[in-house]
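Structure first, commentary second.
This structure is a prediction, so every number in the text was calculated from the model and none was measured. All residue numbers in this chain count up from 1 along the given sequence. Start at 1 and go down the list; that is how both ligands and their atoms are numbered.
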Amino acid sequence: MTTVLVVNSGSSSLKYQLLDGAEQVLASGLVERIGGAGSITHRGPGGEVTVAADVPNHRAALALMMATCTEHGPQLAPDVVGHRVVHGGARFSAPVVVDDEVEAAVEELAALAPLHNPPGLQGIRAARATFPGVPQVAVFDTAFHATMPPEARTYAVDADLAARRGIRRYGFHGTSHEYVSQETARFLGHAGRFVVLHLGNGASACAVSGGRSVATSMGLTPLEGLVMGTRGGDLDPGALLHLLRTGMTVDEVDTLLNRRSGLAGLTGTGDLRDVLAAAARGDAQAALALDVYAHRIRGYVGAYLAHLGGLDALVFTAGVGENSPEVRARVVEGLGHLGLVLAPARNEARGRGARLVSPDDAAVPVLVVPTDEELQIARHARAVTAG
Ligand code: AMP
């Protein structure tokens, strides 16, 4: 039975999960504030513990995870380690076993994903040093979207330049879109034409046909598409030229796009729960932010319905998609002419697992399908190293 350790490294955090061959979670946890005085929160057989510790780097984070497992269980002896890597570029269209060459390629791709690939690389390096001889598998957020047809992945810019510089749509959240579309197919009993809305802190839409991504809203980077917590999604590129020409620096524009946009830019908070609460209190700016948020999603649903030539399910996932009946209602409201309606009681009911939130006789089922990126990474890591 293969035990898989899944490692998801952020710039200052490291999430981990240990799964056995039956896909049971043996342990999970989070090391936070890597780079200084940090802490680990570990859930194992004995429950949850939080321990403060000095965590100078990702290697130290893995050492802390090992020490915590030794003290509180379970025994940590993975057969394979699966890593989340955000950007696989044009090179990686499937998970790969990491060797020195793959590691170098992931490092090169950091130019395309300066915020996202370096932490993944640090996690890989730390795990290779910590678990020598244990295969390490990189699972890329972009890989699921490698099936997008040329017209969906090509930006209409100078073709030579785009080819030389790798300027094209790659798409992200692929591990989530893949897992959720597979669970949707399992739930419905067929793999048809789905629109998956991954609405979390980051957010993206994906059109899936027969189990393959055919269009997605994030692009060269995770900045394009839907309105997110701190990223605004689609924006006229002319606005960036204007800001740069009128005195903003590249770094200031970077901060604007990654940190001061989206819900945070419009309302001061990137947490949708706070925006909903403010709107309920009569805050006009919060109400506008919710309107912009839903309007953008509805535009993508309509576009993808056209690309897919019909729709067999609309699927909500991630923090907002799974937990906010109000956002689901705002997205679906008035789309009855497309066959999209909610069953209000089902939409309001809390639940675990995949569930239907539309009436039984609706033309197009609307589902909530909880995502599980760690499980999908574990499945890939196991599959790539099997045999
Ligand atoms: P994720 O990135 O998938 O973990 O999603 C995180 C986001 O989900 C948070 O920023 C919250 O805004 C949002 N969220 C979580 N629970 C709820 C809820 N009950 N209602 C609305 N939004 C929620």
Side-chain angles (χ1 to χ4, degrees), residues 6 8-17 28-30 32 41 43 84 86 115-116 119-120 141 171-181 183 196-206 216-218 222-223 225-233 258-281 283 285-287 289-294 296-297 315-333 342 344 346-355 357 367-377:
V6 176
N8 183 348
S9 301
S11 54
S12 66
S13 68
L14 186 149
K15 275 197 276 185
Y16 60 90
Q17 209 173 84
S28 62
L30 171 68
E32 289 177 284
T41 301
R43 282 175 297 280
R84 175 182 182 218
V86 171
L115 292 181
H116 296 92
D141 268 21
F172 298 87
H173 290 144
T175 305
S176 175
H177 286 301
E178 180 184 48
Y179 175 82
V180 169
S181 53
E183 288 300 303
V196 179
L197 298 172
H198 177 111
L199 308 178
N201 205 11
S204 67
C206 183
T216 195
S217 59
M218 283 178 167
L223 282 174
L226 303 182
V227 176
M228 313 180 210
T230 64
R231 288 166 269 169
N258 279 296
R259 305 249 159 266
R260 290 175 45 217
S261 296
L263 297 173
L266 288 171
T267 70
T269 171
D271 192 312
L272 200 106
R273 285 165 292 201
D274 297 337
V275 182
L276 286 167
R281 288 194 303 270
D283 182 318
Q285 190 64 17
L290 292 176
D291 287 344
V292 176
Y293 186 92
R296 186 78 52 81
I297 295 170
V315 192
F316 288 89
T317 193
V320 175
E322 293 168 27
N323 296 304
S324 178
E326 183 167 351
V327 167
R328 293 194 294 264
R330 282 169 173 267
V331 169
V332 175
E333 191 181 357
L342 291 176
R346 285 180 177 172
N347 184 42
E348 293 291 334
R350 302 214 133 257
R352 297 167 70 88
R355 59 194 187 274
V357 291
L367 306 178
V368 173
V369 177
T371 193
D372 194 338
E373 291 170 273
E374 280 76 18
L375 177 54
Q376 191 73 359
I377 291 170

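Side chain of R84 to backbone of D141: no donor-acceptor contact under 3.5 angstrom is found. Formation of a donor-acceptor pair under 3.5 Å by the R328 side chain with backbone atoms of F316 is not found in this model. Using modelled atom types, one side-chain atom of S181 and one backbone atom of E178 make a donor-acceptor pair closer than 3.5 Å. Side chain of T267 to backbone of L263: a donor-acceptor contact under 3.5 angstrom is found.
The environment of CZ in R260 is sparse: at most 12 heavy-atom neighbours from other residues, nucleotides or ligands sit within 6.0 Å. Crowding of Q285 atom CD: a count of heavy atoms from other residues, nucleotides or ligands under 6.0 Å exceeding 12.
On a distance-only criterion, S324 and ligand 1 share no N/O pair closer than 3.5 Å. Considering backbone and side-chain N/O atoms, G270 never comes within less than 3.5 Å of an N/O atom of ligand 1. Looking at ligand 1, you won't find any N or O of H198 less than 3.5 Å from one of its N or O atoms.
A salt bridge does not link R281 to D283: none of the charged side-chain nitrogens sits closer than 4.0 Å to a carboxylate oxygen.
Interface of G200 with ligand 1, defined as ligand atoms under 4.0 Å from a residue heavy atom, comprises 1 (P), 2 (O), 3 (O), 5 (O). For ligand 1, the atoms sitting less than 4.0 Å from at least one non-hydrogen atom of A318 are 3 (O), numbered in the order shown with element in parentheses. Each of the following atoms of ligand 1 lies closer than 4.0 Å to a heavy atom of D271: 11 (C), 12 (O).
Atom 2 (O) of ligand 1 has as its closest protein heavy atom N201 N, 2.8 Å. From the protein, the heavy atom lying nearest to atom 23 (C) of ligand 1 is R273 CG, 3.6 Å. Distance from atom 13 (C) of ligand 1 to its nearest protein heavy atom, with residue and atom name: V320 CG2, 3.5 Å.
In summary, of the residues considered (S204, S217, S176), a side chain to side chain donor-acceptor pair (under 3.5 Å) with H198 occurs for S176 alone.
Relative to atom 12 (O) of ligand 1, the option among L263, T230, L272 with the closest non-hydrogen atom is L272.
In this structure, atom 4 (O) of ligand 1 has its sub-4.0 angstrom surroundings free of protein heavy atoms.
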